[in-house]
Protein chains: 2
Amino acid sequence: MLKIGEFSRLSHLTVKALRFYEKEGILLPASTDKWTGYRLYETAQLEAAASVKAYRQLGLSIEEIRAIQAGADVRQILTEKAKALTEEKRVIDSRLSIIHHMLEDREMRYQVTEKTIPEMIVYSSETVLAQHMDIMRWIPSIGEECLRLNPGMKCADPPYEFCEFLDGEYRETDVKIRHSEAVTAAGKGSDQIRFRRLPAVKVLSVFHKGSYDRIGEAYAFLMRYAEQNGFHAAGPARECYIDGIWNKESEEDWLTEIQLPIDWR
Amino acid sequence: MLKIGEFSRLSHLTVKALRFYEKEGILLPASTDKWTGYRLYETAQLEAAASVKAYRQLGLSIEEIRAIQAGADVRQILTEKAKALTEEKRVIDSRLSIIHHMLEDREMRYQVTEKTIPEMIVYSSETVLAQHMDIMRWIPSIGEECLRLNPGMKCADPPYEFCEFLDGEYRETDVKIRHSEAVTAAGKGSDQIRFRRLPAVKVLSVFHKGSYDRIGEAYAFLMRYAEQNGFHAAGPARECYIDGIWNKESEEDWLTEIQLPIDWR
DNA sequence: CATAGGGCCTCCCCATGGAGGAGAGTCAAG
DNA sequence: CTTGACTCTCCTCCATGGGGAGGCCCTATG
């Protein structure tokens, strides 16, 4: 009979771990001295200890080891574990890719995050603007028209409103543009305005701070980021207006989010 | 000014997370209502929130994000993180390899664990035995001789004693064998017996239960395991005797550990 | 025989990054 | 005024032990 310290040295498990494994019921001492409370192990238990240790080294949880000892299908548990490990690895690869991308970027002005935009109902309208700068005059006019068509219409909370640029390429003039705004329920459309259900989508997002004249850099960054890290665009980017001329005096305080829909998986 | 729920929906961070980030000092609300205690955020803080979110998605700890905000070198932290992730990936690959190896094995009789055997002093002696079975007569005789040469010599605690089979191949007769036993201090050697310092070594270990006639299977398993999972043997395997004829009546209770030294890294 | 030191016992706190919930105050709409 | 939706703080929980306090047990040594 071995005291816990001796068994610890033979099994290469710490005393703390041995006591913990007893509490969890996956490695019980052969006996316990009723007077002193000392745990007593036998050399034959080294095999069981090695088994527990082997499973722990594979990353199995105490719960899983307990299940195996209770007669669960080892193969199935190992197969599931392999699947989980493969998924973990995929996450790590993705993070490594992103970190390397960030390290290559000199200024690190932009930070990309991944979000899920839930399903929603929007009204949309398209037009061609002579100049990019005309957006901020055009948007309010659509809102007014929509409200005239649908009195009592309510915008979603939180508000969500964005523009997509439908030209394949970037252009300064004659910009084809679509504006959408989320609402609580569908309403009546018109020549100009169409209601539709926008499905949930996963997006990559960056925030652009400052006036719009350098927003092209944010787009360029986001596109390069997606390409280099294995994301695949699932539609045109959305430009969401958060702070702007309507609530901030200084152009420096303007804040715009660019969301690039990516494949749901 | 936005209440926490509104900011939560805009930033895609949970209310719980926002409160937690305030407590940790990495994302403070713009102000707090002194009367009600309500946290109040501004839209401009969405950028900071996105930054925190981006770093969390990369797996940076709160501590690391705090360091970055305090002006630490982002590049250095990201580089370290990349190193840590690469290491994690290496571990996962190793585990996956082992799991696949286990799934291929039909019976799963053996479990391999990895241990580190510390540096120690042993006395060793070599011989050629006519039959494998003679081991258990030979070993005690060396022990006696060594004790005669070095009265007062003490074996290490925990005891550690093993045989290595020095023939390149497996053989039944004329077995070249080396026996070693750990002691507390070097002593006087002889023609037969030599003291030496055994360096620390990492080993793969399996336990074999039962009589010695099927121990070859354990060796075969261990060797195949090492080969298939990318370990490289760093010396002959060690056969450690734990339970045997000297303390267990029944052959079924005999317990032997086989340790295969592997490259330290 | 007395004491010292090492081993062992139980019990409690700690880490990560929030999630979940209790109990109570706040706010806006009907 | 009531109701329901938010918000506040404070507590516990997850997994796997590590670290340490306070106290008992055993053995060796002076």
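Being a predicted model, the structure only gives us computed values, none of them experimental. In the text below, chain A, chain B and the rest are named by the order of the sequence lines, each starting its count at 1.
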Enquirer: Can you tell me how far C1' of D/dT27 sits from OH of A/Tyr38, to the nearest Å?
Expert: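 Answer to the nearest Å: 11 Å.
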
Enquirer: Take the protein atom CH2 of A/Trp35 and the nucleotide atom C1' of D/dC26, then report the distance between them rounded to whole Å.
Expert: 16 Å

Enquirer: With respect to B/Glu87, which candidate in B/Arg90, B/Lys83, B/Lys89 satisfies the side chain to side chain contact (heavy atoms under 4.5 Å, CB included) definition?
Expert: B/Arg90

Enquirer: Less than 3.5 Å between a donor and an acceptor, one on the side chain of A/Lys16 and one on the base of D/dG20, is that the case here?
Expert: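 Flag set: donor-acceptor pair detected.
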
Enquirer: Can you tell me how far C1' of C/dG17 sits from CD of B/Glu22, to the nearest Å?
Expert: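 So the CD-C1' distance, B/Glu22 to C/dG17, works out to 16 Å.
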
Enquirer: Which of the following nucleotides, D/dT16, C/dG20, D/dT7, is nearest to the side chain of A/Phe20?
Expert: D/dT16

Enquirer: Strictly below 4.0 Å: does A/Arg19 bring a side-chain N or O up to OP1 or OP2 of D/dG18?
Expert: no

Enquirer: Between atom CZ in A/Arg9 and atom P in C/dG7, what is the gap in whole Å?
Expert: 7 Å

Enquirer: Quick one: on DNA chain C, does A/Lys3 or B/Ala17 contact a more 5' nucleotide (nearest heavy atom)?
Expert: A/Lys3

Enquirer: Nearest to the A/Ile4 side chain among C/dC11, C/dG20, C/dC8, which nucleotide is it?
Expert: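 Output: C/dC8.
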
Enquirer: Specify the separation, in whole Å, of atom CG of B/Leu18 and atom P of D/dT9.
Expert: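 Spelled out: CG on B/Leu18 to P on D/dT9 is 13 Å.
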
Enquirer: When you measure from the side chain of B/Arg39, which nucleotide among C/dC8, D/dC8, C/dG17 comes out closest?
Expert: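 So the nucleotide nearest the side chain must be D/dC8.
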
Enquirer: Nearest 0.5 Å, please: how far is OH in A/Tyr241 from CG in A/Asn247?
Expert: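 Atom-to-atom, A/Asn247:CG and A/Tyr241:OH are 14.5 Å apart.
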
Enquirer: Consider the side chain of B/Ile62, meaning its heavy atoms from C-beta on, and name the nucleotide among C/dG17, D/dC8, C/dT10 that approaches it most closely.
Expert: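 Minimum distance to the B/Ile62 side chain belongs to C/dG17.
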
Enquirer: Can you measure A/Leu13 atom CG to D/dT16 atom P for me and round it to whole angstrom units?
Expert: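 Distance, rounded to whole Å: 14 Å.
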
Enquirer: Closest approach to the side chain of A/Tyr21, judged atom by atom: which nucleotide of C/dC8, D/dG17, D/dG20 is it?
Expert: D/dG17

Enquirer: Using atom CD of A/Glu63 as one end and atom P of D/dC14 as the other, report the distance to the nearest whole Å.
Expert: 12 Å

Enquirer: For C/dG25, does either OP1 or OP2 sit under 4.0 Å from a side-chain N or O belonging to B/Thr36?
Expert: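 Checking B/Thr36 against C/dG25: no side-chain N or O falls below 4.0 Å of OP1 or OP2.
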
Enquirer: Return the CG to NZ distance between A/Leu260 and A/Lys202, rounded to the nearest 0.5 Å.
Expert: 13.5 Å

Enquirer: Rounded to the nearest 0.5 Å, what separates atom CZ in B/Phe7 from atom CG in B/Leu18?
Expert: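 Rounded to the nearest 0.5 Å, the CZ-CG separation comes out at 6.5 Å.
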
Enquirer: Hey, are A/Arg66 and A/Glu63 close enough for a salt bridge, meaning a charged N less than 4.0 Å from a carboxylate O?
Expert: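 A/Glu63 and A/Arg66: salt-bridged.
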
Enquirer: Whole Å only: how far is the CD1 atom of A/Ile26 from the P atom of D/dA15?
Expert: 13 Å

Enquirer: From C-beta outward on A/Ser61, which listed nucleotide comes closest to its side chain: C/dA19, D/dT16, C/dT26?
Expert: D/dT16

